[in-house]
Amino acid sequence: MSQLKAWRAAIVHCIADPKDVGIDAAYEYFEDGLLVVKGDKIHALGDATQLIPTLPNDLAIEHHPDAIITPGFIDTHIHYPQTDMIGSYGEQLLTWLNTYTFPEESKFSDKAYARDVADRFLKELLRNGTTTALVFGTVHKVSVDAFFEASEVHNLRMICGKVMMDRNAPGYLTDTPESSYKESKELIDAWHNKGRLHYAITPRFAPTSSDEQLKLAGKLLSEYDDVYLHTHLSENKDECAWVQGLFPKSKNYLDVYDQHKLLSERSVFAHGIHLCDSEYHRLHETGSAISFCPTSNLFIGSGLFKLSKAEEHNVNVGLGTDVGGGTSFSMLQTMNEAYKVIQLQNENLSPIKSLYLSTLGGAKALRLEGKVGNLAVGTEADFVILDTRGTPLLESRLALSKNIEESLFVFMTIGDDRAIQATYSAGQCVHKR
Ligand SMILES: [Zn+2]
């Protein structure tokens with residue numbers, strides 16, 4: 001028996017940022033492609049008719065003539081504890097947190113409750129073709145244990161962290177600078193780089209952390225080579241004004257994090273909507289990344305992310321759902337809303353750039369390129385089979401499509417979890433529709 005497994009279908013993946021090389025050179029497309037997996041890694045990729053003669057005779061080939069294979073999607077900002085509060089009505093950020101988020105997050109002191117939500121959350125990600133995510137826990141240490149234990153079951157490449165929050169939140173949800181440092185460190189030692197898991201130091205956002213807590217978060221970040229920093233930045237105008245009032249000595253919002261040594265090549269800031277030039281510049285200079293969360297930015301009424309500004313300053317950008325402020329677990333639907341956010345600024349977001357942001361761009365933002373993000377030989381076999389017959393409308397619309405770019409654009413405009421035929425993580429099937 002050969003150890004190899006192969007999938008034959010149309011295959012598309014990004015190999016560079018369209019901004020750097022132009023759209024045509026940014027992706028590879030095989031109309032009749034073959035993806036060959038050995039164990040948990042990609043062994044070969046190319047035209048089926050050319051590759052098949054080079055492979056063992058007993059190779060098992062799964063043929064999907066009505067499918068397109070893409071890399072697994074990467075969600076660079078999401079809150080697993082907010083799974084059950086998606087679609088909460090009528091508030092903007094600060095009241096939304098107090099009205100909906102904090103009461104729900106209080107339930108995660110119960111590990112059994114947290115594990116139940118984590119299991120359902122991961123199932124929802126996999127149904128939507130998302131194989132890697134940068135995930136908020138709650139202030140409770142057990143919320144992160146529960147999440148990582150659930151992720152281990154499916155051998156997923158996941159990043160998570162315990163929220164650090166010691167002020168401007170209900171007493172039942174706050175920690176202290178010392179306890180947040182100690183518990184985060186214990187979680188790093190228990191989980192970081194265990195299998196495919198990674199830890200992110202996770203202050204919720206500047207308003208809910210004291211100077212002392214942010215200082216200890218910076219100290220913790222400096223104590224490890226490759227731990228992540230994950231927080232929110234400049235999402236909502238009232239929030240920005242509040243931050244200025246709380247940290248009067250800071251030059252701008254980002255400077256609060258900068259002064260506490262929280263900018264790094266593994267720092268990911270969600271939203272970054274209301275930034276000035278010097279903030280983009282500083283993000284670039286430190287190798288920090290922004291997670292662009294269009295469904296959330298529209299739903300909570302936060303504003304329009306300026307992708308062209310981030311590009312102009314060479315800031316790494318990934319795409320995020322930000323569930324439960326975001327309204328869909330689907331990265332296809334997130335690309336749909338991203339397109340509209342860019343349209344409202346009289347610019348276009350090409351389908352290849354969208355694919356890039358949700359795969360290789362996300363991997364680059366998370367410094368995981370070479371491991372996940374595309375289908376290059378030697379990378380981990382995280383991929384998605386998109387079904388061109390996922391819905392009657394997809395089938396009829398895609399029949400008229402003239403090329404792969406148009407097909408991708410149709411998937412990202414009218415596709416959702418019904419378009420995901422199967423999801424694979426490290427070569428294993430983790431979802432089949
Ligand atoms: Zn968020």
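Whatever order the structure lists ligands and atoms in, that order sets their numbers, starting from 1. Numbers for residues simply follow the sequence, beginning at 1.
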Start with the C-alpha gap between Asp416 and Ser330, add the side-chain angles, then the distance that decides, and say whether side-chain hydrogen bond (donor to acceptor under 3.5 Å, both in side chains) holds.
CA-CA 6 Å; Asp416 51 33; Ser330 168; over 6 Å; no
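If you look at His154 and His431, their ring centroids are not closer than 6.0 Å. Under the 6.0 Å cut-off for aromatic ring centres, Phe292 and His77 do not qualify, their centroids lying 6.0 Å or more apart.
Distance alone, capped at 3.5 Å, places no donor-acceptor pair between the Thr321 side chain and the Ile78 backbone.
Note on the Zn ion (ligand 1): protein N/O/S atoms under 2.8 Å are His77 NE2, His79 NE2, His232 NE2, Asp322 OD1.
Side-chain N/O atoms of Asp226 and His192 include a donor and acceptor closer than 3.5 Å.
Applying the side chain to side chain donor-acceptor pair (under 3.5 Å) definition to pairs two or more places apart or across chains, none involves residues 358-379.
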